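Here is the structure we will look at, set down as structure tokens.
In each ligand, atom 1 is the first atom listed, and ligand 1 is the first ligand listed. Small disclaimer: the values here were computed from a predicted structure and weren't measured.
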Amino acid sequence: MIAIGCDHAATDYKKKIESHLNGRGIAFEDFGAGESDCCDYPEYAEKVADAVKSGRCEKGILICGTGIGMCIAANKVRGIRCALCHDVFSAKACRLHNDANVLALGQRTMGIENVLEIVDAFLDTSFSEEERHVRRLGGIADIERRNS
Ligand code: RB5
């Protein structure tokens with residue numbers, strides 16, 4: 001199950017990503033926002049991040065104008081590793097190296113074809129499990145512990 005959320009700047013891309021996921025037979029849960037809502041992105045970032053943190057959803061996708069606000073907000077939730085990706089290479093690398101569990105995207109900064117390719121790369125790539133990457137994720141978790 002994929003958690004998906006956006007703010008008012010990205011409802012169009014959220015719909016397009018959902019339709020793409022439907023076409024691939026990938027289940028998702030939509031945490032808003034709806035089309036008529038003018039809203040603040042932290043609320044939706046936290047909903048999606050909580051769904052991933054709790055295990056209710058395996059991964060999350062967040063879209064706002066630039067993806068930046070969503071990425072910053074989602075990364076405040078313990079255990080969330082959110083990556084803002086503008087290219088397929090980064091989308092693969094954030095899974096292989098960083099075990100990113102949330103993907104952030106920007107409707108105002110990215111073309112939809114690129115976005116859908118990035119979504120596929122993010123969903124279809126597994127964490128490498130290599131020792132050096134596991135060690136570095138441990139380092140990130142240590143920072144979280146020192147700051148909670
Ligand atoms: C909303 O205007 C915009 O600030 C938001 O979508 C996002 O780009 C923030 O990072």
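Contact between Met70 and ligand 1 is absent, with no heavy atom of the residue lying under 4.0 Å from the ligand. Within the structure, the closest approach of Arg108 to ligand 1 falls below 4.0 Å when heavy atoms are considered.
Residue Asp7 touches ligand 1 through its side chain alone, judged by heavy-atom distances below 4.0 Å.
Residue Cys64 approaches ligand 1 through these ligand atoms, each under 4.0 Å from one of its heavy atoms: 6 (O), 7 (C), 8 (O), 9 (C), 10 (O). Using a 4.0 Å cut-off to heavy atoms of Gly65, the atoms of ligand 1 that qualify are 5 (C), 6 (O), 7 (C), 8 (O). Close contacts between ligand 1 and Ala9 involve ligand atoms 6 (O) [criterion: under 4.0 Å to a heavy atom].
With hydrogens and angles left out, the side-chain atoms of Ser90 and Asp87 include a donor and acceptor closer than 3.5 Å. There is a side-chain donor-acceptor pair under 3.5 Å between Arg78 and Ser148.
The residues Lys76 and Glu46 are annotated as not salt-bridged, no charged nitrogen and carboxylate oxygen being separated by less than 4.0 angstrom. With respect to Arg24 and Asp120, a salt bridge is recorded, a charged nitrogen being found less than 4.0 Å from a carboxylate O. A salt bridge does not link Asp12 to Lys15: none of the charged side-chain nitrogens sits closer than 4.0 Å to a carboxylate oxygen.
Below 3.5 Å of separation, one finds an N or O of Gly69 facing an N or O of ligand 1.
Side chain of Tyr13 to backbone of Cys6: no donor-acceptor contact under 3.5 angstrom is found. Under a 3.5 Å cut-off, the side chain of Asn114 and the backbone N or O of His86 do form a donor-acceptor pair.
For atom 10 (O) of ligand 1, the nearest protein heavy atom is under 4.0 Å away.
The closest protein non-hydrogen atom to atom 8 (O) of ligand 1 is Thr66 N, 3.0 Å.
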